[in-house]
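So you know, we letter chains A, B, ... as the sequences are listed, proteins then strands, and number each from 1. Side chains included, hydrogens not; waters and symmetry mates left out as well; all remaining heavy atoms used.
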2 protein chains.
Amino acid sequence: MPPSPTSPTRTGSPGGLHAGVLHALGIRVVSGELAAGQVLTLESICADHGVSRAVAREVIRVLESMGLVASRRRVGVTVQPREGWHVFDPRVIRWRLEGPDRAEQLLSLSELRRGFEPVAAALAAERATPEQCAQMAAAVSDMVVHGRSGDLEAYLGADSRFHATLLAASGNEMLRALADVVTEVLAGRTHHGLMPADPNPEAIALHDEVARAVRDQDPVRSEAAMRRIIEEASDAMRAEFG
Amino acid sequence: MPPSPTSPTRTGSPGGLHAGVLHALGIRVVSGELAAGQVLTLESICADHGVSRAVAREVIRVLESMGLVASRRRVGVTVQPREGWHVFDPRVIRWRLEGPDRAEQLLSLSELRRGFEPVAAALAAERATPEQCAQMAAAVSDMVVHGRSGDLEAYLGADSRFHATLLAASGNEMLRALADVVTEVLAGRTHHGLMPADPNPEAIALHDEVARAVRDQDPVRSEAAMRRIIEEASDAMRAEFG
DNA sequence: TTGCGTCAAAAAGTCATACTTTTGGCGACA
DNA sequence: TGTCGCCAAAAGTATGACTTTTTGACGCAA
């Protein structure tokens, strides 16, 4: 055991010391608690978290690779302004969703979604495998069932599964990688009471339309239907936050 | 000086040992030279690159944070399959563009672009500042001039500036972060001889249309014009690679 | 007073080493 | 043949010594 851990940042963190310190510092940066321009030293990080310099260095290197901080000799570790952040890094996204700009982050993601989901729908219509078509049909079916029973969590699960499958079916690995993002947006919406207790039947019908258009290999129809899904969701979110 | 550097991976790398080893290993993973499932040990990395264990560990931690490798006790460092890669990480994108899936990466990025650039154009029409409008107009002007003179590099610069400004004008930080990606796609197209020696006047006219629509705060028009820009570029690229 | 050169200290970068912890594999025993 | 336990391999962590870069301060000169 380290001499005297002072047990400062024992955030549980069952992933080793590294993961714990990384999370703690990452949160502090993206939340703005550590403002841009502020400088830390490795020594202070060691002291604050009760870890050795080696661990602190590894953490800083990872944070640096996300654009959150920059390390310079004789100066220390400087917190970077937002413009330098790698805003597509899954961890940065998650940390921001945990922090105070949760709303802003969700808005950004929604706008983004408006761009890539229709494209994914069009591509999926050209490339989806029969299995993927079946999965999407099943997801729509689940949406209908859970929408009727009023089980919002289950509905959310089915919705997420639908979009994740569609993105994977696009055959574009970058689009597929955005599945987590969409899941977050959907979850954020549900857990903020934006979902009517009785999910909009029209939304479900549109999902069904997308699934059928993909099955029929009709890119134009699937893209149009997806666009309408997004518009509807976007309007709801803007009404809440914007 | 280290005892006997064996001068193995002296790739120049004027950013410290860390940067050099990171680049070398990153390239080897994304290029497929190190196949998924293959395991390395820290010791072997130290030996291969003539660095200490501390440096090797920091590199692995960063690679791990990109999803390229995973480190487990008693096993070593395992190269991860593509599905786990953080494909939006700027370095991963750059490394892939340097490697053998350059073509595939460019195709992925083009498809993505078809999604987000029209959205950015629409948002920009609602949010662009007068300065940004002016910058876009200037970029279009440069495109005309350099297109006429046949200076492809300068044309490329102006084109990139146009799109970067537009993305920034969208007011969405995630869209803005995609500017580098667009620049890469444009550069890839130019440096692969896809550009006609005399740039398509119609393309320039469309850029002008976007700039004017943004200035007039007309989202529908700017989005439509941008969509046509992408379609044209996309067709050219598909003809070359697809 | 200003401007430039030098110097010392601060902090990261690097290395070496010792120790701890986890875990996969192998061998012994039932 | 199957299971249990031990061992060793490899990462995780800690510590300390040394190197290198950079900056801020001091002093000297114009």
Side-chain angles (χ1 to χ4, degrees), chain A residues 1-25 29 34 37-65 67-80, chain B residues 1-25 29 34 37-65 67-80:
Chain A
M1 185 188 292
S4 164
T6 351
S7 65
T9 325
R10 283 296 170 274
T11 339
S13 60
L17 297 185
H18 178 84
V21 178
L22 180 64
H23 184 263
L25 268 181
V29 172
L34 294 175
Q38 195 162 340
V39 298
L40 310 172
T41 66
L42 281 179
E43 292 300 335
S44 72
I45 294 167
C46 295
D48 287 355
H49 298 82
V51 295
S52 73
R53 222 164 136 248
V55 170
R57 283 185 55 75
E58 288 166 23
V59 168
I60 292 308
R61 276 267 140 88
V62 172
L63 254 21
E64 193 172 33
S65 94
L68 297 188
V69 304
S71 179
R72 276 174 54 207
R73 276 178 155 141
R74 160 73 206 222
V75 170
V77 175
T78 311
V79 177
Q80 294 300 104
Chain B
M1 185 190 292
S4 165
T6 351
S7 64
T9 326
R10 282 297 170 271
T11 339
S13 59
L17 296 185
H18 178 83
V21 179
L22 179 64
H23 184 262
L25 268 181
V29 172
L34 293 175
Q38 194 162 341
V39 298
L40 311 172
T41 66
L42 281 180
E43 292 302 332
S44 71
I45 294 167
C46 294
D48 287 354
H49 298 81
V51 295
S52 73
R53 212 157 148 258
V55 170
R57 284 184 55 75
E58 288 166 23
V59 168
I60 292 307
R61 275 269 141 87
V62 172
L63 254 20
E64 192 172 33
S65 94
L68 297 187
V69 304
S71 178
R72 274 174 56 205
R73 278 179 153 138
R74 159 75 207 213
V75 171
V77 175
T78 311
V79 177
Q80 295 299 104

What's touching nucleotides 10-12 of chain D from the protein side, N or O pairs under 3.5 Å?
unit_1 : atom_1 : unit_2 : atom_2 : d
D:dA11 : OP1    : B:L42  : N      : 2.8
D:dA11 : O3'    : B:S71  : OG     : 3.3
D:dA11 : N7     : B:R53  : NH2    : 3.3
D:dG12 : OP1    : B:R61  : NH2    : 3.4
D:dG12 : OP2    : B:R57  : NH1    : 2.7
D:dG12 : O4'    : B:R73  : NH2    : 3.1
D:dG12 : N7     : B:R53  : NH2    : 3.0

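Listed for the A:H23 side chain is no donor-acceptor partner under 3.5 Å among the backbone atoms of A:A19.
Residues B:L63 and B:L25 are in side-chain contact: their nearest non-hydrogen atoms beyond the backbone lie under 4.5 Å apart. Taking 4.5 Å as the limit, some side-chain heavy atom of B:I60 sits within range of a side-chain heavy atom of B:L42.
Looking at every heavy atom in both residues, A:R53 comes nearest to A:E43 through CD-OE2, 3.7 Å.
Going from atom NE2 of B:H49 over to atom P of C:dT14 covers 14 Å, rounded to whole Å.
One finds a salt bridge joining A:R61 and A:E64 here, because a Lys/Arg side-chain nitrogen approaches an Asp/Glu carboxylate oxygen to under 4.0 Å.
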